[in-house]
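Order of appearance sets the numbers: ligands from 1, and atoms from 1 within every ligand. Note that the coordinates shown come from a computational prediction; the quantities given were computed from them, not determined experimentally.
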Amino acid sequence: MAGKVKNRTVFFCQECGYESPKWLGQCPMCHKWNSMVEERVTPSTSSASVTKSALDLPKPQPLSSIEMEETDKLKSGILELDRVLGGGIVQGSMVLVGGDPGIGKSTLLLQAMRNISAKKLDVLYVSGEESLKQIKLRAMRLGEFNDYLKLLPETRLDRIQDIIEETRPMAVVIDSIQTLYSETVSSPPGSVSQVREATGILLRIAKSLGITVFIIGHVTKEGAVAGPRVLEHMVDTVLYFEGDGRNAYRILRAVKNRFGSTDEIGVFEMHEDGLHEVENPSEFLLSGRLESAPGSIVTCCMEGTRPLLLEIQALIADNAFGFPRRQAAGTDHNRVSLLMAVMEKRAGMRLSSSDAYINIAGGIKATEPAVDLGIVMAIASSFRNRPISHDTVAFGEVGLSGEVRAVSDVRQRINEAKRLGFKRILMPKGSLKNLKSDVAGDLSIAGIRTISEALEEI
Ligand code: TYD
Ligand code: MG
């Protein structure tokens, strides 16, 4: 059979997996340049024969005959992870955890596996990246481990497959998918064909044996390693672990979830002894804030469906040299320059010869346009050296004419401000009309149309 089918080579986009019979300079699907790489495709024999013994050939059945149990979702013991997964780990599901190298993927999954093994359930951690000693070193920082967690340093797919079928653990972690290698595919580990083959086989194991498989995938900038994006459509759930390497915050986000919403985010902090959950991010981000300092205001920006309250700080200082400096940390500095130009033109504030430094405290990146109004008010407050009352939250997008434009998710933002005890909200007038009257409670809400109106409110 195999002799009849000739080996052929095709070109795969290493970014999105687009397949083409000839080389192309730009991928027509994701528009990446120079991402097409030639790979030999051998008709795969192994994937067809996977776990045949375990496969009870499925028969059509009515929905009513399928039994559901509440225990189908296994808790990882990490609340933030469980929430992002949609309430827990679904048995027999496949979860891809992607993220930059060094962000904490291995740590997160090792912690989750430790919690599961603590319930006397077998788990297997397959590492193709680190030696057993390295993993042990990491594990020692995280605390106690029992013998239900087994480590396997292996990159050969068929070996991993055998061991999983033999030992039947509850959950398996593959760290990382880019290191796995199958003999039946001739391209190197990390190529689109290898990554697809490995995922296909693991997927069948997951579904037929009811074993949950977590796959770690590095997201790399242009490089030879296949981006995990190729896998997104194959797996049940795709989580991305993000953060800025310089500070301790990490955000876990679901971009696809067959078992829950993709709106939830989980917030973590990296400590000496692993990742800690941050259950109350707003509170956390606002801790350490000075009351009534000029140039400071709190804004509300949305992370998924979760509102986060952030402090914006501005420092406006006279510049004697004629080359004013503009610096922004945690937000886009071009946006800050634009907002300052709008303030100068529409609100008559002479800012062009002043230095401006903007900082979003806490190291979170706030790029949502809804932070505009907060930035404007912080700048004005520092410029006039007058503090804004510390129980004020401001959000809204600012347009070039100085108008304050409507933003989304207003109710969530208001509720978050209320929850943390803020008293006054400045928000776009245009967003007010869709609000129910009971949202405000004892908050005073001011609908703002232009930045001049907002500045009068200070
Ligand atoms: P790691 O989980 O290895 O990242 P990834 O698997 O995504 O590449 O974690 C990487 C960083 O986290 C590493 O630079 C060290 C740091 N770290 C801590 O700060 N505290 C800890 O307890 C652990 C285990 C790691
Ligand atoms: Mg790792």
Side-chain angles (χ1 to χ4, degrees), residues 76-81 84-85 94-118 123-146 149-155 160 171-181 189-190 194-195 198-199 202 213-221 223-229 231-232 235 237-255 265-278 284 362-365:
S76 73
I78 303 175
L79 280 174
E80 297 283 300
L81 173 63
V84 176
L85 284 172
M94 198 162 192
V95 181
L96 170 67
V97 180
D100 293 333
I103 205 75
K105 302 178 294 295
S106 305
T107 307
L108 177 71
L109 289 180
L110 197 57
Q111 280 180 243
M113 290 307 116
R114 181 187 63 167
N115 294 347
I116 295 173
S117 65
V123 294
L124 178 67
Y125 194 103
V126 182
S127 180
E129 295 210 327
E130 293 165 303
S131 69
L132 291 180
K133 288 218 178 71
Q134 280 173 306
I135 302 173
K136 168 121 194 194
L137 219 61
R138 182 204 317 271
M140 275 161 50
R141 299 169 70 168
L142 304 180
E144 297 283 314
F145 281 77
N146 67 17
L149 182 125
K150 303 271 190 334
L151 299 175
L152 176 67
E154 184 59 85
T155 56
I160 295 169
V172 179
V173 174
I174 305 290
D175 189 1
S176 67
I177 191 73
Q178 277 109 349
T179 59
L180 293 201
Y181 183 77
Q194 282 286 3
V195 164
T199 310
L202 292 165
V213 180
F214 288 91
I215 298 178
I216 292 178
H218 294 300
V219 184
T220 50
K221 296 167 201 89
V225 183
R229 244 164 253 155
L231 313 174
E232 283 180 0
V235 302
T237 302
V238 180
L239 307 182
Y240 275 97
F241 208 27
E242 307 166 350
D244 167 351
R246 279 166 302 153
N247 64 58
Y249 293 105
R250 302 284 183 272
I251 290 178
L252 186 68
R253 204 187 290 281
V255 296
I265 64 161
V267 184
F268 295 89
E269 212 189 348
M270 184 64 98
H271 283 252
E272 271 307 295
D273 57 347
L275 289 159
H276 290 212
E277 302 167 55
V278 179
F284 204 84
I364 292 258
K365 274 230 158 15

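Contact annotation for Asp273 and ligand 1: only backbone heavy atoms (N, CA, C, O) come within less than 4.0 Å of the ligand.
Counting heavy atoms from C-beta outward, Lys105 and His218 have side chains that approach closer than 4.5 Å. A heavy-atom distance below 4.5 Å is not found between the side chains of Thr179 and Pro189.
Using 4.0 Å as the threshold, Gly104 has a heavy atom nearer than that to some atom of ligand 1.
Of the polar atoms of Pro101, none of the N or O atoms is found under 3.5 Å from an N or O of ligand 1, judged by distance alone. In terms of N/O distances under 3.5 Å, ligand 1 is not approached by Met270. Between Glu130 and ligand 1, no N or O atom pair is found at a separation short of 3.5 Å.
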May I have the step-by-step check of side-chain contact (heavy atoms from CB on, under 4.5 Å) for Thr199 and Met94, ending in yes or no?
CA-CA 9 Å; Thr199 310; Met94 198 162 192; 3.9 Å; yes
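At the shortest separation from atom 11 (C) of ligand 1 among protein heavy atoms lies Gly102 O, 3.5 Å. Among all protein heavy atoms, the one lying closest to atom 22 (O) of ligand 1 is Gly274 N, 2.6 Å. Of the protein's non-hydrogen atoms, Thr107 OG1, 3.5 Å is the one closest to atom 9 (O) of ligand 1.
Phe145 carries Arg114 over the face of its six-membered ring, with the cationic atom under 6.0 Å from the centre and within 45° of the normal.
Here the CG-CG distance, from Leu239 to Leu252, works out to 5.0 Å after rounding to the nearest 0.5 Å.
Distance check for Ser106 against the Mg ion (ligand 2): an N/O/S atom falls below 2.8 Å.
Nearest heavy atom pair, residue Ile174 against residue Ile160, reads CD1-CG2, 4.2 Å. Taking both residues in full, the closest heavy atoms of Val123 and Ser117 are given as CG2-CB, 3.9 Å, listed atom of the first, atom of the second, then distance.
For ligand 1, the atoms closer than 4.0 angstrom to any heavy atom of His271 are 18 (C), 19 (O), 20 (N), 21 (C), 22 (O). Proximity to Glu272 (heavy-atom distance under 4.0 Å) selects the following atoms of ligand 1: 20 (N), 21 (C), 22 (O). Each of the atoms 1 (P), 2 (O), 3 (O), 9 (O), 24 (C) of ligand 1 lies under 4.0 Å from some heavy atom of Arg138.
In this structure a side-chain-to-backbone donor-acceptor pair under 3.5 Å is present from Gln134 to Ser131. Here the side chain of Glu242 pairs no donor or acceptor atom with the backbone of Ile251 at under 3.5 angstrom.
The closest non-hydrogen atom to atom 6 (O) of ligand 1, taken over Ser106, Gly143, Gly99, comes from Ser106. Between the choices His218, Gln111, Arg141, the shortest heavy-atom distance to atom 18 (C) of ligand 1 belongs to Arg141.
Checking atom 13 (C) of ligand 1 against the protein gives no heavy-atom contact under 4.0 Å.
No option in Ile216, Val235, Leu231, Val97 other than Leu231 meets the side chain to side chain contact (heavy atoms under 4.5 Å, CB included) test with Ile177.
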